[in-house]
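Have a look at the structure below, then the notes.
Numbers restart at 1 for each chain; the letters A, B, ... are given by sequence-line order, proteins then strands.
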Number of protein chains: 2
Amino acid sequence: MARSDGTQPRGATRRATILDVARRASVSTATVSRALTDPERVAEPTRSRVMAAIAETGYTPNATARNLRARSTKIVLCLLPGLGHSFWNVIINAVEEVLTRAGYGVIFGDTRSDPVREAHYDRIVRAGQVDGVLLFNGRLPGADFAELDRVVPITLISNDIPSSGLPVFEVDNHAAARTMTEHLISLGHRRIAHITGPIANVETGERLNGYRDALIDAGIAVDDDLIWPGKFNFTAGVKAARTFLGLECERPTAVFAASDELAIAFIKTVKDAGLRVPEDVSVAGFDGIEYSAMYDPALTTMLQPRAEMGRLGAENLVLRMSGAQVESKGARLPCSLLIRDSVAEYAGAKAKAPATPRRVRTAAG
Amino acid sequence: MARSDGTQPRGATRRATILDVARRASVSTATVSRALTDPERVAEPTRSRVMAAIAETGYTPNATARNLRARSTKIVLCLLPGLGHSFWNVIINAVEEVLTRAGYGVIFGDTRSDPVREAHYDRIVRAGQVDGVLLFNGRLPGADFAELDRVVPITLISNDIPSSGLPVFEVDNHAAARTMTEHLISLGHRRIAHITGPIANVETGERLNGYRDALIDAGIAVDDDLIWPGKFNFTAGVKAARTFLGLECERPTAVFAASDELAIAFIKTVKDAGLRVPEDVSVAGFDGIEYSAMYDPALTTMLQPRAEMGRLGAENLVLRMSGAQVESKGARLPCSLLIRDSVAEYAGAKAKAPATPRRVRTAAG
DNA sequence: CCGCAAGGTGAAAACGTTTACATCAATTTT
DNA sequence: AAAATTGATGTAAACGTTTTCACCTTGCGG
């Protein structure tokens, strides 16, 4: 029974230190340390005496002391713009997998664009509390990344800070958005709207450009009234749907949302207004989160290789933390077009579009 | 421009220590330390000299050294059974909020029932690498919690380990499940199925019992064929739906799922099979995650006060980490019944059920 | 004038490891 | 047989703080 009554003083029993073990085994602390880190270097009889003493005392090395001596913490900080987003799940798992395997602990920080929180994490980094940083769109404002990277390696995942020169692992957003838009066009759609992510976001810009370029190449004029600025969340999707429903001019026949959450919220809202998806309006998402498959209709979307982004980013960071002088520029990964049920052929189309495979890989950047 | 070429050696510029500052200000390290931690204790002229020196050297105290000396790490470990689950989002945010404000860093671990990972976290705890643990259903197997709690305080959130005596902050699962089942009964349903969570889970049992007790009280026989064991994920929901669709006997008219994900997957699958929800079958969820509102139909579900659970749990832990001898037994919070569109009156019902408010609070446990 | 409190500061110990260096015995080499 | 090598262990310094204790000024009351 644990002390649920909160009565026994904590730490009443002092934790055994290396000195306790040493005394008990009648050796020096150096020998104990060696017996643990490099057993070969200590003779068999001594070693077993030490091991016995360790078992008896229940000794376990103090990580802080070890870190102080080693001048490293074996901890990596992951900075996210919102821990709660389903999009990060898979990435985080992959990151955690790689880092744990490499012997690092992972700590997560949610910046939420709150200056106080950001300053907090900036301080943590500068205090040498972490050996590396994985940045997921969490901006440390006013942070000089070139300088910060010199104290601790920083790797970017699924977001870019163009002028920083930091290695970034993300998807080729331009190509992916272009592919999705082309897909819609190939199904006969001409009036295609786009719900963007947050404007400050570099990726938002790339996707917007991919969308634009696809239209232009197809000889379709870009209509700025059909570009609806949003964020990567439900509320923005609902707002975009209201815009859509309230449109004075002719409604678009297809909508390309910059995230699955955006698409889902959009669909829900227009369905509530009595429209059918995809019969009345086609809606495409972006990301390929798990929920996209479970929605009704299942979302046609761009699958981002999230696990791979996480894995590669983490591996890159591990390499750089090891002090290796790597030439690391990051990587641009390809997306896969997932064709499901939220997008249909344009109702007014004359000819049936050629059969398309259900999954199409975009070009790598 | 950061060293994207990976050419400059990292740490070429040694980080300034307290000694550098001391020398520069012609004082002792003790004075520098005092100037930072307790400015009142050092005379004005000295203090400003110290501050100047700090600014000039860019000194920032080394957290590891500080921790070693203070015998604490100011870090809390959160152990989850699956970092990716949407259910944790809100809880995690609340926890992170409270702990950050209290000056603690938060590190997350995903145990995934993997013995290797579990051993890894057990070691972290025992190595004194954290000041406290928040357990979210992550079992540390073979761990003696009574003992572990003596080295570092452990608080449970949204999961119980009955024999441990640890403080637990969770919902009254029995009452909530009972309320939901009664709601279905009140709408005329008599054949009501239940998709459970993982059987090993204490909460699963409580919800199951709440469901059973409601049936019994209403004079409805409990049919074990309508209790479908699952997990808190999509796959289990799909599987349950297959069971439902393949049923030899008369199909239930309502299904109560132990989680929203379960409900969503169930609905998706039966809809794909041509059934309508709620016209052909009513489906209720549990949790009240964000997606439940965006689904079509919007889920009738039990809203868990996730933010509050997280907040209370974290505050409890902070208190206990401070060494306070608190009488802390945890708390059982009430859920709210969220009446939306996935549940309808039983089609064969004679009389119309009385109008129900859209949101009903369950009794606290 | 002397003693004493109070305020400011410094010297050094402590936190618990790892590791460079020194030591010593037991070998092997010359 | 002396010298050199090897292997096992101990000594003590280092990691960068915080904090106890002691010290030295002052200013003050007696």
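- With rounding to the nearest 0.5 angstrom, the CD1 atom of B:Ile107 is 5.0 Å from the CD1 atom of B:Ile124.
- Relative to the side chain of A:Thr37, the nucleotides C:dT18, D:dT19, D:dT17 differ in distance, and C:dT18 lies closest.
- Here the side chain of B:Ser158 pairs no donor or acceptor atom with the backbone of B:Glu170 at under 3.5 angstrom.
- In this structure, B:Arg66 places its CZ atom 18 Å from P of C:dG16, rounding to the nearest Å.
- Checked against C:dT18, C:dA12, C:dA20, the side chain of A:Arg34 finds its nearest nucleotide in C:dA20.
- Closest to the side chain of B:Leu68, out of C:dA11, C:dG16, D:dG10, is C:dG16.
- At whole-Å resolution of the value, CG in A:Asn67 and P in C:dT19 are 12 Å apart.
- For B:Ile18, counting side-chain heavy atoms from C-beta on, the closest listed nucleotide (D:dT18, C:dA11, D:dA12) is D:dT18.
- Contacts of B:Thr31 with the nucleic acid, taken as non-hydrogen atoms under 4.0 Å apart, involve only primed sugar atoms and P, OP1 or OP2.
- Comment: A:Arg320 engages A:Asp149 in a salt bridge, judged by a side-chain N to carboxylate O separation of less than 4.0 angstrom.
- In this structure, of C:dT18, D:dT9, D:dT17, it is D:dT9 that holds the atom nearest to the side chain of A:Ala43.
- At the heavy-atom level, A:Ser72 lies nowhere under 4.0 Å from the strands shown.
- For the pair B:Glu40 CD and C:dA6 P, the computed distance is 18 Å after rounding to whole Å.
- In this entry the distance linking CZ of A:Arg41 with P of D:dT6 reads 13 Å, nearest Å.
- For the atom pair B:Tyr59 OH and B:Asp20 CG, the distance stands at 9.5 Å (nearest 0.5 Å).
- If you take CG of A:Leu36 and C1' of D:dT9, they are 16 Å apart, rounded to a whole angstrom.
- A:Thr17 comes within contact range of the sugar-phosphate backbone alone, with a heavy-atom separation under 4.0 Å but no base atom that close.
- Whole-Å rounding puts the B:Arg15 CZ to D:dC15 C1' distance at 13 Å.
- Within 4.0 Å of A:Arg69, counting heavy atoms only, lies at least one base atom of the nucleic acid.
- Spacing between atom CZ of A:Arg23 and atom P of D:dG10 amounts to 14 Å, rounded to whole angstrom units.
- Of the N and O atoms on the side chains of A:Thr73 and A:Asn67, not one donor lies less than 3.5 Å from an acceptor on the other residue.
- Residue B:Thr46 is in sugar-phosphate contact alone, with no base atom involved, counting any heavy-atom pair closer than 4.0 Å across all strands shown.
- Going from atom OH of A:Tyr59 over to atom P of C:dG16 covers 10 Å, rounded to whole Å.
- Comparing B:Arg71 and B:Val27 by the nucleotide of DNA chain C whose heavy atom lies nearest to each, the residue mapping closer to the 5' end is B:Val27.
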